[in-house]
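Remarks on the structure that follows.
Just so you know, ligand 1 is whichever comes first in the structure, and atom 1 is the first atom listed for that ligand.
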Amino acid sequence: MIKLSSLPSLPAVRGRYEFDVPLSQSTWFRVGGPAEVIFKPADLEDLCQFLSQKPSNLSCYPLGAGSNVLVADAGLPGCVIRLGRTFATIEQQGNLVILGAGCLDRTVALTTCQWALSGLEFLVGIPGTIGGAIAMNAGAYGHEVKDRLQWVEWVTPQGKVERIAAHALNMTYREGHLPEGVIVTKAAFLCDPKPSPDIQLTLDAFLSEREKSQPIRGRTGGSTFKNPPDGLKAWQLIDQAGCRGLKIGDAQVSEKHCNFLLNLDAASAADLEQLGNTVQKRVYDQTGIMLEWEIIRLG
Ligand SMILES: Cc1cc2nc3c(=O)[nH]c(=O)nc-3n(C[C@H](O)[C@H](O)[C@H](O)COP(=O)(O)OP(=O)(O)OC[C@H]3O[C@@H](n4cnc5c(N)ncnc54)[C@H](O)[C@@H]3O)c2cc1C
């Protein structure tokens, strides 16, 4: 357990602090020990003020919907920053869509469909936020964030707001390449006009494909490993290494999609990490390919 006495004094804010909060409540795996403190800023100004005034030895970590992280059983020292409703704005300027980092990907896909704007359909089944999607360069069905992203606005660890053109990030497969410690607050995506019913057909197709192939109702972190280069698929290598359905405690390699790990009920973060490491080793022993974790292990 984290000792609260280790927490330096925090600046006065208009938002909310919560102390010693189990992160299992905020992650898709439903595992993870406590965050020493969670800060939910009231708005952008509050976030900037907090960052500029926080003690220099306080580490800060932004968390979106927690759908791509595995938090250690011992928890996370320092401050987890979570962006609430004031950071979930969706605005249209012609073919440009300006999104707050707290927007849910699904909401963005459904809203842009209503606005007859195409390009963000792939977000419909990704259970994260726009901040997380940018940090991870999230993608599905041949599309990824970097295809449509125009600019990103973030707050630096010193509390300064900056706007940067998307191409300057040099995003790559599942890597947003954000500078260390920045907190994305807003971003603009360029869409193409298209009739809503046509967009809806694509959304329906993506959702039904996902339903068929992924354990989307399970306690999972999505794809555990990145696909290796040269068109290889992580799930195929895992399957060929005999890991489909493999279990450690209540942690299991999904039978439905074997690049997904599941917390069946009472798995610990350690069980899930050990299972992932076992899969990685078995694939390596069989193929000489070292799969790279896509899920971010924290703490
Ligand atoms: C069932 C399931 C299906 C999935 N399918 C896909 C898929 O098809 N494609 C895909 O790419 N991913 C998929 N994922 C993984 C995950 O949903 C994505 O990576 C998503 O973009 C993560 O967003 P999040 O808000 O949950 O981020 P989190 O998991 O909370 O955080 C992920 C990373 O983003 C950083 N981050 C979050 N918010 C911010 C911010 N505001 N500023 C800076 N950094 C930030 C965090 O610090 C962390 O490093 C899936 C996950 C699940 C559980």
Tell me: protein heavy atom nearest [atom], and distance?
atom                    : answer
atom 27 (O) of ligand 1 : Gly132 CA, 3.6 Å
atom 41 (N) of ligand 1 : Val184 O, 3.0 Å
atom 31 (O) of ligand 1 : Val69 CG1, 3.9 Å
atom 1 (C) of ligand 1  : Thr220 CG2, 3.9 Å
atom 30 (O) of ligand 1 : Gly64 N, 2.7 Å
atom 5 (N) of ligand 1  : Arg210 NH1, 3.1 Å
atom 28 (P) of ligand 1 : Gly66 N, 3.7 Å

Considering only heavy atoms, does [X] approach ligand 1 within less than 4.0 Å through its side chain, its backbone, both, or neither?
X      : result
Tyr61  : side chain
Ala135 : side chain
Val182 : backbone

Considering [options], which one's heavy-atom position lies nearest to [atom]?
atom                    : options                        : value
atom 17 (O) of ligand 1 : Ala65, Gly131, Ser67           : Ser67
atom 10 (C) of ligand 1 : Gly139, Gly176, Ala140, Cys103 : Gly139
atom 33 (C) of ligand 1 : Ile126, Thr27, Asn68, Ile296   : Ile296
atom 25 (O) of ligand 1 : Ile183, Leu83, Thr129          : Thr129
atom 50 (C) of ligand 1 : Gly181, Pro62, Pro127          : Pro127

(request) Report yes if the side chains of Asn170 and Lys146 come closer than 4.5 Å at any heavy-atom pair, otherwise no. (result)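 Of all side-chain heavy-atom pairs linking Lys146 with Asn170, none is under 4.5 Å.
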If you count the atoms of ligand 1 from 1 in the order shown, which ones are under 4.0 Å from a heavy atom of [X]?
X      : answer
Gly128 : 23 (O), 24 (P), 25 (O), 26 (O)
Ala138 : 11 (O), 21 (O)
Met136 : 19 (O), 33 (C)

In Å, rounded to the nearest 0.5 Å, how long is the span from [atom1] of [X] to [atom2] of [Y]?
X      : Y      : atom1 : atom2 : result
Leu149 : Leu169 : CG    : CG    : 7.0 Å
Phe260 : Thr224 : CZ    : OG1   : 7.5 Å
Leu110 : Gln114 : CG    : CD    : 7.0 Å
Leu99  : Ile134 : CG    : CD1   : 8.0 Å

(message) Does atom NZ (Lys247) have a neighbourhood of more than 12 heavy atoms from anything else shown, all under 6.0 Å?
(response)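 No, NZ of Lys247 has 12 or fewer neighbouring heavy atoms, counting only those of other groups under 6.0 Å.
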(message) I'd like to check the side chain to side chain contact (heavy atoms under 4.5 Å, CB included) partners of Ala270; sequence neighbours left out, ordered by chain and number.
(response)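 By the side chain to side chain contact (heavy atoms under 4.5 Å, CB included) rule, Ala270 matches Asp73, Ser268.
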(message) Please identify which of these residues, Phe19, Tyr17, Tyr61, meets the ring-ring contact (aromatic ring centres under 6.0 Å, His included) condition with Phe39.
(response)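 Looking at Phe19, Tyr17, Tyr61, the match for Phe39 under the ring-ring contact (aromatic ring centres under 6.0 Å, His included) is Tyr17.
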(message) Taking Asp192 first and then Arg148, would you say they form a salt bridge - that is, a charged N and a carboxylate O separated by under 4.0 Å?
(response)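 Salt bridge: yes.
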(message) Any atom of ligand 1 sitting under 4.0 Å from a heavy atom of Arg174?
(response)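 Within the 4.0 Å threshold, so yes.
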(request) Decide whether the shortest distance between a heavy atom of Ile134 and an atom of ligand 1 is less than 4.0 Å. (result)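 Contact check Ile134 vs ligand 1: negative.
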(message) I'd like to check the ring pair (Phe, Tyr, Trp, His ring centres under 6.0 Å) partners of Phe29; sequence neighbours left out, ordered by chain and number.
(response)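 Counting only residues at least two positions away or on another chain, Phe29 forms no ring pair (Phe, Tyr, Trp, His ring centres under 6.0 Å).
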(request) Return the orientation label for the Tyr141 and Phe206 ring planes: parallel under 30°, perpendicular over 60°, tilted otherwise. (result)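 The arrangement is parallel - the two ring planes meet at less than 30°.
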(request) Kindly assign one of parallel, tilted or perpendicular to the pair Trp235 and His257, based on the angle between their ring planes and the thresholds 30° and 60°. (result)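 Perpendicular: the ring planes of Trp235 and His257 meet at over 60°.
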